[in-house]
S.K.: 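Structure provided below as structure tokens; questions to follow.
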Number of protein chains: 2
Amino acid sequence: MAPFCGALIRGKRRVGSADRDAVRQRAYHTHAGALVFRWNEAADHVFAVCEGWALRFIELADGRRQNLSVLLPGDLCPTALFQEKFHYSVEAVTDVCITRFGRDDVRRQMLHDPKLRETVAKACAADQRDVEERVVSLGRRTAEEHVCHLLLGLANRLSGHRVRADHSYAFPLLQRHIADLTGLTFVHVSRVLTELRNARVVDVSYGSMTIMSVAELKEIAQLR
Amino acid sequence: MAPFCGALIRGKRRVGSADRDAVRQRAYHTHAGALVFRWNEAADHVFAVCEGWALRFIELADGRRQNLSVLLPGDLCPTALFQEKFHYSVEAVTDVCITRFGRDDVRRQMLHDPKLRETVAKACAADQRDVEERVVSLGRRTAEEHVCHLLLGLANRLSGHRVRADHSYAFPLLQRHIADLTGLTFVHVSRVLTELRNARVVDVSYGSMTIMSVAELKEIAQLR
DNA sequence: CGCGGCATTGACCGAAGTCAAACCAGGTGG
DNA sequence: CCACCTGGTTTGACTTCGGTCAATGCCGCG
């Protein structure tokens with residue numbers, strides 16, 4: 001997903017201070033583990049993550065949980081532009097800083113700001129591709145492939161698509177978060193991660209991720 | 001997803017024949033089993049299904065395949081509005097009639113047609129919810145639950161959310177299509193479907209689906 | 001009549017789940 | 001400085017859901 005705050009702020013500046021249509025924004029902080037917003041809340045704001053990691057997720061009546069996607073700094077939740085209520089919840093993984101923009105403000109602004117339209121379109125496209133890749137992984141990849149695919153995808157986003165081997169990326173996801181992303185149990189995630197570590201492919205531990213062999217990781221992940 | 005052709009045509013009429021911005025559309029037919037369009041093709045048109053059933057899918061290098069969603073008459077593929085290339089392919093399940101609209105025409109039209117914006121937004125929202133429900137099913141539901149959830153979702157769409165018991169809906173999906181939607185094998189889909197038939201919950205056979213017990217189906221599907 | 005595509009059934013297998021114990025690290029309080 | 005607690009991770013023994021392979025049935029069609 002594309003950095004968003006920037007685009008909206010830029011849009012605002014371009015329009016100038018005389019414009020009543022300016023996009024109002026408000027930033028706020030939440031601590032690790034807390035819900036940023038909850039399923040079924042009115043979706044009257046577009047959200048963007050400024051700092052920290054968060055997870056979009058859905059849970060069933062009996063507590064089974066599925067994480068839909070990882071939100072990194074710069075990521076946008078444009079859902080409010082399309083529907084009245086959220087069909088998912090968002091949980092802070094680390095302490096996070098969130099910016100929110102009034103839905104109607106953003107809509108109005110989009111009408112005369114092609115740049116902003118472009119940004120939102122890019123974000124939507126990235127979102128859709130990402131979640132549909134997740135569908136493929138869940139449906140047709142093995143546990144090992146799925147985990148590798150997830151890690152590689154995150155490494156790409158963290159590094160601006162310039163993944164380096166033997167570089168250590170901050171990685172706050174716990175094994176249960178990975179489990180709920182991949183549809184596995186945390187026990188099995190642990191097994192897979194230790195395997196990958198022993199095979200010198202990638203090492204996820206102590207809050208960081210180090211890719212030892214980019215080639216092998218790509219190979220296993222079957223990145224298309 | 002919402003009926004689309006109608007909205008665009010309506011939009012066109014409202015603007016009047018003098019308007020150079022009118023949305024051009026072209027309909028064409030494809031026969032069952034053929035590809036409507038292919039992964040990696042330039043996404044310069046917005047597509048809508050007028051007649052017949054189609055499947056959006058992705059396949060891996062080794063042939064493993066995952067269906068992303070079922071396209072029914074009235075459904076829209078707005079992907080072209082957001083990105084340059086398709087990241088998925090579309091296959092006709094039955095003979096289908098497809099309408100396509102130039103991407104730039106639609107974009108232009110959207111700028112001064114709030115009704116059209118609304119329609120597209122609704123379609124995007126429905127798309128996103130649908131595929132994210134699929135993620136939940138793939139990750140956290142059992143085979144039986146997943147199949148029931150899929151069937152109930154389709155029944156809802158086919159009946160305009162007024163599902164009736166003991167009514168027979170035309171249902172052209174083969175077991176292998178259902179398998180590629182649910183991440184199962186067609187052998188296991190067969191087992192699940194025969195179970196559901198014997199349990200008098202739902203009967204899928206000979207190109208039609210009959211729900212025997214809506215309550216039980218909902219129960220198993222855990223529709224939220 | 002024979003063929004091809006789809007569905008069904010059975011025997012067996014294996015990837016991932018379950019349950020439970022042990023381990024490890026950081027944080028707190030005596 | 002250490003003892004203890006808590007939450008995350010690792011490991012092992014065993015189970016299970018769904019996959020694999022293969023045979024059989026079924027039906028429409030040339």
Side-chain angles (χ1 to χ4, degrees), chain A residues 31-34 53 55 60 62-66 91-94 137-151 171-199 202-210 220, chain B residues 31-34 53 55 60 62-66 91-94 137-151 171-199 202-210 220:
Chain A
H31 59 279
W53 291 40
L55 286 167
L60 300 180
D62 58 8
R64 282 179 283 179
R65 165 172 169 151
Q66 179 64 42
E91 179 195 349
V93 174
T94 62
S137 288
L138 284 162
R140 294 305 186 201
R141 285 194 243 252
T142 65
E144 190 183 48
E145 288 169 349
H146 193 164
V147 169
C148 286
H149 188 269
L150 173 70
L151 294 178
F171 191 89
L173 294 186
L174 301 179
Q175 298 190 349
R176 64 182 159 84
H177 297 130
I178 300 179
D180 289 336
L181 278 161
T182 51
L184 302 168
T185 58
F186 69 89
V187 176
H188 198 65
V189 169
S190 173
R191 285 195 246 271
V192 171
L193 288 181
T194 15
E195 290 254 318
L196 290 170
R197 187 158 44 240
N198 294 338
V202 58
D203 181 358
V204 176
S205 49
Y206 302 104
S208 67
M209 158 169 66
T210 314
I220 302 176
Chain B
H31 59 279
W53 290 39
L55 285 167
L60 300 180
D62 59 8
R64 280 178 285 179
R65 166 172 170 152
Q66 178 65 43
E91 180 195 345
V93 174
T94 62
S137 289
L138 283 162
R140 294 305 187 201
R141 284 195 244 253
T142 65
E144 189 183 49
E145 289 168 349
H146 193 164
V147 169
C148 286
H149 188 269
L150 173 70
L151 294 178
F171 192 88
L173 294 185
L174 301 179
Q175 297 192 348
R176 64 181 159 83
H177 297 131
I178 300 179
D180 289 336
L181 277 161
T182 51
L184 302 168
T185 58
F186 67 88
V187 176
H188 199 63
V189 169
S190 172
R191 285 195 249 270
V192 171
L193 288 181
T194 16
E195 290 253 318
L196 291 171
R197 188 157 45 238
N198 294 337
V202 57
D203 182 358
V204 176
S205 49
Y206 302 103
S208 67
M209 158 169 66
T210 313
I220 302 176

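Chain letters run A, B, ... following the sequence lines, proteins first and then strands; every chain starts at 1.
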S.K.: Test side chain to side chain contact (heavy atoms under 4.5 Å, CB included) on R141(A) and L60(B) and set out the steps.
M.R.: CA-CA 9 Å; R141(A) 285 194 243 252; L60(B) 300 180; 3.6 Å; yes
S.K.: Yes or no on side chain to side chain contact (heavy atoms under 4.5 Å, CB included) for L151(B) and L173(B), after CA distance, side-chain angles and deciding distance?
M.R.: CA-CA 11 Å; L151(B) 294 178; L173(B) 294 185; over 6 Å; no
S.K.: When the distance from NE2 of H188(A) to C1' of dT16(D) is rounded to whole Å, what number comes out?
M.R.: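 Distance, rounded to whole Å: 14 Å.
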S.K.: If I take atom CD1 in residue I178(A) and atom P in nucleotide dG8(D), what distance separates them, rounded to the nearest angstrom?
M.R.: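 Spelled out: CD1 on I178(A) to P on dG8(D) is 13 Å.
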S.K.: dG17(C) phosphate, OP1 or OP2: any side-chain N/O from T185(A) under 4.0 angstrom?
M.R.: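 Yes, within the criterion.
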S.K.: Specify the separation, in whole Å, of atom CZ of R64(B) and atom P of dT20(D).
M.R.: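 Result: 10 Å.
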S.K.: Please report the distance, rounded to the nearest Å, between CG in D180(A) and C1' in dG17(C).
M.R.: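 From D180(A) CG to dG17(C) C1': 14 Å.
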S.K.: Roughly, in whole Å, what's the span from CZ in R141(A) to P in dG19(D)?
M.R.: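 These atoms are roughly 17 Å apart.
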S.K.: Could you go over nucleotides 3-12 of chain C and give all protein N or O partners under 3.5 Å, atom names and distances?
M.R.:
residue	atom	partner	partner atom	Å
dC6(C)	OP1	R176(B)	NH2	3.2
dA7(C)	OP2	Q175(B)	N	3.3
dT8(C)	OP1	R197(B)	NH2	2.5
dT8(C)	OP2	Q175(B)	NE2	2.6
dT8(C)	OP2	S190(B)	OG	3.1

S.K.: Is any side-chain heavy atom of L55(B) closer than 4.5 Å to a side-chain heavy atom of R65(B)?
M.R.: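 Yes, side chains in contact.
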S.K.: Show the atom names and distances, to 0.1 Å, of all donor-acceptor pairs under 3.5 Å that link a side chain in residues 182-192 of chain B to residues at least two apart or in another chain.
M.R.:
residue	atom	partner	partner atom	Å
T182(B)	OG1	I178(B)	O	2.8
T182(B)	OG1	A179(B)	O	3.3
T185(B)	OG1	H188(B)	N	3.3

S.K.: Using heavy atoms to find the nearest nucleotide of DNA chain C for A143(A) and Y206(A) separately, return the residue whose nucleotide is more 5′.
M.R.: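 Here A143(A) is the residue nearer the 5' end.
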S.K.: Would D180(B) and R140(A) satisfy side chain to side chain contact (heavy atoms under 4.5 Å, CB included), going step by step from the backbone distance to the final call?
M.R.: CA-CA 9 Å; D180(B) 289 336; R140(A) 294 305 186 201; 2.7 Å; yes
S.K.: Taking S137(B) for its side chain and H146(B) for its backbone only, find out whether a donor-acceptor pair lies under 3.5 Å.
M.R.: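 Between the backbone of H146(B) and the side chain of S137(B) there is no qualifying donor-acceptor contact (under 3.5 Å).
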S.K.: Give one of base, sugar-phosphate or nothing for G183(B), where a contact means two heavy atoms less than 4.0 Å apart.
M.R.: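 Sugar-phosphate: the residue G183(B), judged by heavy atoms under 4.0 Å, touches backbone atoms but no base.
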S.K.: Which nucleotide sits closest to the side chain of L184(A): dG18(D), dA16(C), dT18(C)?
M.R.: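 Given the options dG18(D), dA16(C), dT18(C), the side chain of L184(A) is closest to dA16(C).
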S.K.: Rounding to an integer number of Å, can you tell me how far L138(A) CG sits from dA16(C) P?
M.R.: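 Rounding to the nearest Å, CG of L138(A) and P of dA16(C) are 12 Å apart.
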